[in-house]
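Worth saying up front: this structure is predicted, and the values here are computed from it rather than measured. Below, chain A is the first sequence line, B the second, and so on; all start at residue 1.
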Amino acid sequence: MDGSIDLMINMGPQHPSTHGVFRLVIWVDGERIIKSEPHIGYLHRGSEKICESEHYAQIVTLFDRMDYVGNLNSELAFCLATEKIMDVDVPERAEYIRVILCELNRIASHMLFYGVYGLDAGAMTPILYAFREREKIQNLFESITGARMMHNYIRIGGIKEDLPGDFQKRIVEVLDHLKRGIEECDALISKNEMFLARTKGVGSISGSDAIDFGVTGPALRASGVAEDIRVTDSYSIYDRFDFNIPVGTYGDCWDRFYVRVEEMRESIKIIEQAVRSLPEGDISASVRRIVRPPKGEVFVRTESPRGDLAVFLVSDGTDKPYRVKVRAPSFANLQALEQMLQGAYLADAVLILGSIDLIMGEVDR
Amino acid sequence: MTLSEVFIILAKAVILMLSVSFVVLLLTYAERKALARIQQRMGPTRVGFRGILQPVADALKLITKEDILPTWADKGIYWLAPIAVFVPAFLMWVTIPVAQQVVVENLDLGLLYIVAISVLSVLGLVMAGWGSANKWAVMGGLRAAGQLISYEIPFIMAILGVVMLAQSLDLTEVVTQQNSVPFALVQPLGLFIFLTSALAELGRTPFDIHHAESEVVGGPFVEYSGAHWSIFFLAEYMNTFTIAVLTVLLFLGGWSWPIMPFDGFLHTTLSAIWLLLKTSAVIWLIFWIRGTYPRLRIDQLMAFGWKMLVPLSFLNILMTAVVLFYSIPLWVLTCLSGIFLVAAVYIIRFSASSSMERETIRLISAKELRSKVGIPPLETGGKPE
């Protein structure tokens, strides 16, 4: 330390492993991180403000673009909020389809995380395996919703269209494929000695610290806190399904990684149950195209692939909301980054950042 | 020196340059195809038959690209660095034989020459890092210096083991000595040390720390573009090929056929082909490793080098010395070496991760969690050892 000065390095916004346009300023002494400072706002589009000048039905598309990896989960959060303030009963069939698609979307999102995390760790094969699996889900989405990413499928009061005729056949195929794919991915890297050495004990955060920072989702569960909105504050019809919540022990990078791998397996269980008991019937409640919810405010929490995605909606009785506030899980999880990075190596910074699974579209909104 | 001698030297250099460049082009294509195969993709398919001309297209693209000079760059060092990396990589080929007599200049101290020259390439990487005036590049350059210098020791020690067995520093002589038994069978431990440290010397997965894209954004090469970048690239692949050929020459019996009925030109050609076949097997192994493993962290790399490979390489030399001095039959060395290799792999496999608890994820059923109404249970996690 004699006479040496800490080197300030800008990691991002053009760094290849910042998962979007995110800037992390770090001060390093050799390879050790002394201090770090996240800078956000490079992807700020003012979505929340734009919501105030759009009709309710149009806002769904804006939510698509917030968490652009878990689109359907975002859509669901807003639709649930609007339905709650309008007191609409969504038909059974629509609820089931929503759950099926949201869980598929969760798997797709976690698959992307898995692949990119391998890339962060320096292994180049996992991402291609992950994309192979994700592609199957995207193709299924395309046949159901008409779009591969920005679906605009979950609508206020239900869903856009009924499932295509060959859905039952295709979902079975996709699930079979996914089951094998997840095991293959798991075998590829999860228990690799080098991967373990890189991720075990790196970026640990205790459960109480995580709660203090407002960390939610897989990142919180990895720290040993059994908290899943689908169960603890159930929404839609999640209380009807039987599945497990994977919970970690140390809250290090490996726990955060593997919680997500296990979650993919659990999501498949949910989908299978939902497909088995998929009822016939309407797909949408009778809701006018331009909705005018009564005056009031609601707060709805959902479990997006990244954590607690909550929407606070204030209506003034017109056809446009007075205020839409999104509690984005990525944004809250990002706050814990500084603590996790404390004393880590520069190479770990990449892995820690990756293990939070940030989506910058959601952080900046 | 007469004019004709100068011409012969020049001709040799040109032929060497051309053939090595050709090999590099082939290697880039082979690597892309091999990785594609591992990753369930097609690889290049568009340019030429099955994309065979892709390397040519890449080379043309690189040459025609703009060469960028960063404003704050140290000009002289910045432009010299690619040459400082390339020249040693090329010079090594002066004394590497591909068959009996097929060599630019067979030196009696060939291996010493190779070892001495190969160390030089570190200089170029540090120069590139410093000259780029980029913090990532500096970090990459320093990483390269630390990594390459540490792994130089086991690398040279492994070569020394072979030299002791062959009683010669002449590569042709080393190959001749392996006519009956390749040294890989005598010193499996030596082969392991050599290949591992060679991977680190090359900066290839899992030791591609100094140019890790996800960490230091390409390290020393981050600011380079166009032709200068392609020279680094050329040197890297050339080194890969060199290491593969060296592995074959030192450990896998070189070009020597078990039975060779022919002589003259046919003998030489067949020998060279045999050598290249073995080399491509080693190269395939290197590609395979690249497609499979993640990257180590710099401190883990150093620990592995100094605590594992350096002691092992000393042990290797010690065993060889004892066996040779007391004229103990060589199969004893094989057994000893094999035992230590298995022990080393065992230690790497288990001891390195014994402190790590593997099953840290437990499943809580939704039913159980639903029954605990109200505030979710808080269990604080501790830090692992």
Self-check item: Side chain, backbone, both or neither of Q14(A) within contact of chain B (heavy atoms, under 4.5 Å)
Solution: neither

Quiz item: Are there more than 12 heavy atoms of other residues, nucleotides or ligands under 6.0 Å from atom CH2 of W284(B)?
Solution: yes

Practice problem: Output the option from D239(A), N10(A), D242(A), T125(A) having the highest count of non-hydrogen pairs under 4.5 Å with chain B. | Solution: T125(A)

Quiz prompt | Contacting moiety of R290(B), where chain A heavy atoms sit under 4.5 Å | solution = both

Quiz item: Can you tell me if CE on M42(B) sees more than 12 non-hydrogen neighbours from other groups inside 6.0 Å?
Solution: no

Practice problem: Answer with side chain, backbone, both or neither: which region of I298(B) has an atom nearer than 4.5 Å to a non-hydrogen atom of chain A? | Solution: side chain

Quiz item: Which bit of I245(A) comes within less than 4.5 Å of chain B, counting heavy atoms only: side chain, backbone, both or neither?
Solution: both

Quiz prompt | Structural part of L35(B) lying under 4.5 Å from a heavy atom of chain A | solution = side chain

Self-check item: Contact leader toward chain B among L119(A), N244(A), L351(A), where contacts are heavy-atom pairs under 4.5 Å
Solution: N244(A)

Quiz prompt | chain B contact via V259(A) - which portion, at a heavy-atom distance below 4.5 Å | solution = both

Quiz prompt | Contacting moiety of D255(A), where chain B heavy atoms sit under 4.5 Å | solution = both

Self-check item: Among the listed options P206(B), P294(B), G291(B), the residue most often paired with chain A at heavy-atom distances under 4.5 Å
Solution: P294(B)

Quiz item: Among E262(A), M194(A), R230(A), M11(A), who wins on heavy-atom pairs under 4.5 Å with chain B?
Solution: M194(A)

Practice problem: Apply ring-ring contact (aromatic ring centres under 6.0 Å, His included) to Y117(A) and F113(A), showing your working. | Solution: CA-CA 6 Å; Y117(A) 203 59; F113(A) 162 81; 5.2 Å; yes

Quiz item: Is the number of heavy atoms from other residues, nucleotides or ligands under 6.0 Å of R41(B) CZ greater than 12?
Solution: yes

Exercise. Answer yes or no: are there more than 12 heavy-atom neighbours, outside R32(A) itself, under 6.0 Å from its atom CZ?
Key: yes

Quiz item: Are R198(A) and F195(A) in a cation-pi setup, meaning NZ or CZ lies under 6.0 angstrom from the ring centre and within 45 degrees of the ring axis?
Solution: no

Practice problem: Check whether F243(A) gets within reach of chain B through its side chain, its backbone, both or neither, counting any heavy atom under 4.5 Å. | Solution: both

Practice problem: Please look at R221(A) and chain B and tell me whether the side chain, the backbone, both or neither of the residue comes under 4.5 angstrom of a heavy atom of that chain. | Solution: neither

Practice problem: Verify the distance criterion only: is there a donor paired with an acceptor across the side chains of E31(B) and Y237(B) at less than 3.5 Å? | Solution: yes

Quiz item: Is it true that atom NZ of K33(B) has more than 12 heavy atoms of other residues, nucleotides or ligands lying nearer than 6.0 Å?
Solution: yes

Practice problem: Identify whether the distance between the nearest side-chain nitrogen and carboxylate oxygen of R180(A) and E133(A) falls below 4.0 Å. | Solution: no

Quiz prompt | Side chain / backbone / both / neither for D233(A) at chain B, heavy atoms under 4.5 Å | solution = neither

